[in-house]
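Please read the structure below before turning to the comments.
What you see below is based on every heavy atom in this structure, not just the backbone, and it leaves out hydrogens, waters and symmetry mates.
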There are 2 protein chains.
Amino acid sequence: MGPGTPARRATIEDVAARAGVSRAAVSKVLRDAYGVSDSMRERVTAAMAELNYRPSIAARAMRGRTYTIGIELPDLANQFFTRIVRGATSALEGTPYQIILAPAETGSRLGYRALEALVDRQVDGLIAVSPRVDEDALERIAASVPLVMFGRLDTSDRYDVVAGDDLGGARLALQHLFDLGHTRIAHLTLPREDPDAPYPHSGRLREYLAAMAARGLEPEVWGTQDGADAAYRTTREAIDRGTRATAVFAAHDELAFGAMRALSDTGADLSVIGYDDVAMASHPGIGLTSVDQPGERMGARAVEMLLERIAGRSTAVREVFEASLKPRASTRPPRD
Amino acid sequence: MGPGTPARRATIEDVAARAGVSRAAVSKVLRDAYGVSDSMRERVTAAMAELNYRPSIAARAMRGRTYTIGIELPDLANQFFTRIVRGATSALEGTPYQIILAPAETGSRLGYRALEALVDRQVDGLIAVSPRVDEDALERIAASVPLVMFGRLDTSDRYDVVAGDDLGGARLALQHLFDLGHTRIAHLTLPREDPDAPYPHSGRLREYLAAMAARGLEPEVWGTQDGADAAYRTTREAIDRGTRATAVFAAHDELAFGAMRALSDTGADLSVIGYDDVAMASHPGIGLTSVDQPGERMGARAVEMLLERIAGRSTAVREVFEASLKPRASTRPPRD
DNA sequence: GTGAAAGCGCTAACAG
DNA sequence: CTGTTAGCGCTTTCAC
């Protein structure tokens with residue numbers, strides 16, 4: 001690689017010329033296809049190394065694979081999603097596949113643009129993390145690329161699903177609060193959440209409403225925007241409004257962190273429970289009781305499903321992962 | 001879009017046929033190129049909409065642009081990096097460019113594979129967030145794609161640089177500790193960090209050593225792995241070893257969080273200061289004093305630099321962002 | 001076991 | 001202002 005080396009990347013043509021074989025031959029070596037003599041493989045491999053050859057993903061894409069798995073993520077600030085990515089990454093180690101992430105922009109049809117961008121880039125498999133996208137759009141996407149829906153509670157025979165047991169998890173959370181003696185429990189969740197929609201938060205809300213109703217208790221839903229800041233403001237407003245709640249069940253840990261901040265600022269003494277058990281929840285300064293979801297295992301499983309689809313499976317698979325309670329200092333018996 | 005619609009994506013050919021024009025004409029409309037009549041533009045646009053046409057990124061890549069900006073990230077668990085992404089995303093709003101993220105796998109040559117993956121995918125611009133990659137590799141990459149190095153302290157005329165003022169930031173941190181009366185200050189940083197290397201942590205270490213030396217104080221460097229868990233273990237070991245330090249300056253907030261956990265578990269009373277001021281640092285349960293870096297502005301600026309390069313700039317640019325101290329409860333005068 | 005050739009969807013230079 | 005055409009780098013039959 002002397003100073004005179006052209007900046008241009010080596011192509012399969014260059015490799016073929018160098019090795020004294022045809023382009024097709026090089027392609028076969030590349031794809032480990034049938035019908036290559038050892039001596040040829042050797043020469044070609046040497047030529048590739050000498051030229052620092054790397055196949056063009058774009059050119060490959062025009063014929064088939066890109067060896068790329070795309071993950072659409074709703075919110076990088078939520079550490080639960082990075083657990084998923086970690087699991088997915090480790091499951092892909094040793095394969096020729098590469099993960100790329102597309103963060104969803106905020107706004108309506110959350111995640112649709114990011115999903116589209118990934119499809120446009122012809123990923124070989126797509127993991128969509130609970131996008132607020134209608135089922136038709138997902139079916140359409142699934143028609144052109146293997147798709148794993150993350151956290152989606154509905155079922156389709158076109159795409160696979162990896163989900164947490166949101167109903168069971170919410171039940172654990174509420175049971176924990178009931179056991180401590182709470183009866184006036186608020187639920188902090190995303191705005192205008194529909195308990196019958198197929199989203200994780202919908203399931204948690206549904207179970208919350210059911211559990212409260214089953215005990216003849218009055219539900220109190222605090223609708224907020226996503227993110228700790230919005231949760232902070234919403235919680236403050238509830239306190240300023242003079243809420244009688246003694247505990248708040250946050251739909252995920254980010255929201256719980258915001259709520260805790262508001263409690264600290266106002267001196268209000270409510271118990272808080274979150275969902276996902278992100279790393280910070282167990283920090284001694286925080287001590288947030290949370291419902292754990294095995295994000296790493298879920299991410300790894302999603303990747304496996306994709307690989308199976310790529311390998312030919314055509315039936316839909318759906319796997320639900322159990323949740324478990326991590327009790328900590330943020331939940332305690334009510335004061336009064 | 002009836003049930004008989006083929007799953008195949010519409011191509012430029014289909015659009016041309018539908019609109020009764022040539023492929024070239026469609027391409028021109030697509031690229032907003034010179035020489036299209038209003039009536040033609042209208043017909044073509046209508047045809048694209050009817051067919052739900054989306055250009056193939058792969059095919060475009062073979063001729064030039066992919067309208068993709070790639071960001072290589074070392075660690076998703078570190079919330080500072082998500083600040084960068086947030087800034088980059090917002091700066092790209094309204095442009096046809098899409099961001100994709102490639103998380104670096106852990107291991108040696110951290111980030112090199114992710115960078116390569118992005119180059120292979122022919123991104124139009126590349127932001128590399130402090131990869132531990134030698135300068136030659138970066139120069140080589142920069143020869144084929146506009147590159148912004150994030151946090152890199154060296155300079156190249158091939159790529160642009162966005163960096164924080166690590167020396168100034170470290171100086172703020174140490175001055176703060178000195179002002180409080182600390183003299184035995186440990187520095188918690190990555191393993192075998194070389195104070196003369198061009199990485200952000202190297203600069204912080206260099207300034208730490210200089211500041212201690214300037215006051216005739218003995219430096220105490222705690223080398224750890226990246227991540228809060230490793231920082232926890234390292235801090236515990238230092239405490240068990242009976243360190244006489246009264247304060248620890250962590251090279252970033254993640255490490256500081258781990259250190260705080262260890263202090264809490266052992267009951268040791270050391271002051272802790274971090275770097276980056278991620279969101280959790282200001283949480284009342286944490287109250288971590290930290291050196292703030294304007295991650296969002298830095299990310300946005302990096303994207304602008306890339307866009308300028310794409311538009312034709314060929315001179316190198318280097319911009320350094322000031323750091324500022326955020327004093328909180330985690331730093332206080334030494335006990336003895 | 002190996003090579004020739006077609007074509008994937010698009011852009012850009014050129015001719016009309 | 002519009003259409004024709006030549007590739008971009010690769011995979012994949014299909015002959016040899």
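Between the side chains of B/Thr68 and B/Arg121, no donor-acceptor pair of N or O atoms lies under 3.5 Å. In this model, no donor atom of one side chain and acceptor atom of the other lie less than 3.5 Å apart for A/Thr89 and B/Glu105. Side-chain contact, B/Ser27 with B/Arg23: no donor N or O sits under 3.5 Å from an acceptor N or O.
The CZ-P distance, from B/Arg60 to D/dG9, rounds to 19 Å in whole Å. Distance CD (A/Glu13) to P (D/dC8): 9 Å, rounded to an integer number of Å. Across the protein-nucleic acid pair, A/Arg121 atom CZ and C/dC10 atom P stand 14 Å apart, rounded to whole Å. Distance, A/Met48 CE to D/dG9 P: 17 Å, rounded to whole Å. As rounded to whole Å, 11 Å separates atom P of C/dA12 from atom CG of B/Leu30. B/Tyr53 places its OH atom 10 Å from the P atom of C/dG9, with the value rounded to the nearest Å. With rounding to whole Å, A/Met62 atom CE is found 10 Å from D/dG9 atom C1'. The distance between atom CZ of B/Arg65 and atom C1' of C/dG9, rounded to the nearest whole Å, is 18 Å.
Look at A/Asp160 and A/Arg301 and you find no salt bridge, because none of the NZ, NE, NH1 or NH2 atoms lies under 4.0 Å from a carboxylate O. Between B/Arg9 and A/Asp120 there is a salt bridge, since a side-chain N of the basic residue sits under 4.0 Å from a carboxylate O of the acidic one.
The rotation axes computed at either terminus of the helix from C/dG1-D/dC16 to C/dG16-D/dC1 lie 40° apart, taking five pairs at each end and rounding to 10 degrees.
B/Val26 pairs with exactly one of B/Thr45, B/Thr11, B/Val44 by the side chain to side chain contact (heavy atoms under 4.5 Å, CB included) rule, that one being B/Val44.
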Distances under 3.5 Å between protein N/O atoms and the N/O atoms of nucleotides 2-6 of chain C, please, pair by pair.
residue, atom, partner, partner atom, Å
C/dT2, OP1, A/Ser37, OG, 3.1
C/dT2, OP2, A/Ser37, N, 3.0
C/dT2, OP2, A/Ser37, OG, 2.9
C/dG3, OP2, A/Ser22, N, 3.1
C/dA6, N6, A/Arg23, NH2, 3.4

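As judged by a 4.0 angstrom heavy-atom cut-off over every strand, A/Arg31 is placed among the base-contacting residues. If you check every strand for non-hydrogen atoms under 4.0 Å, A/Ser27 touches a base.
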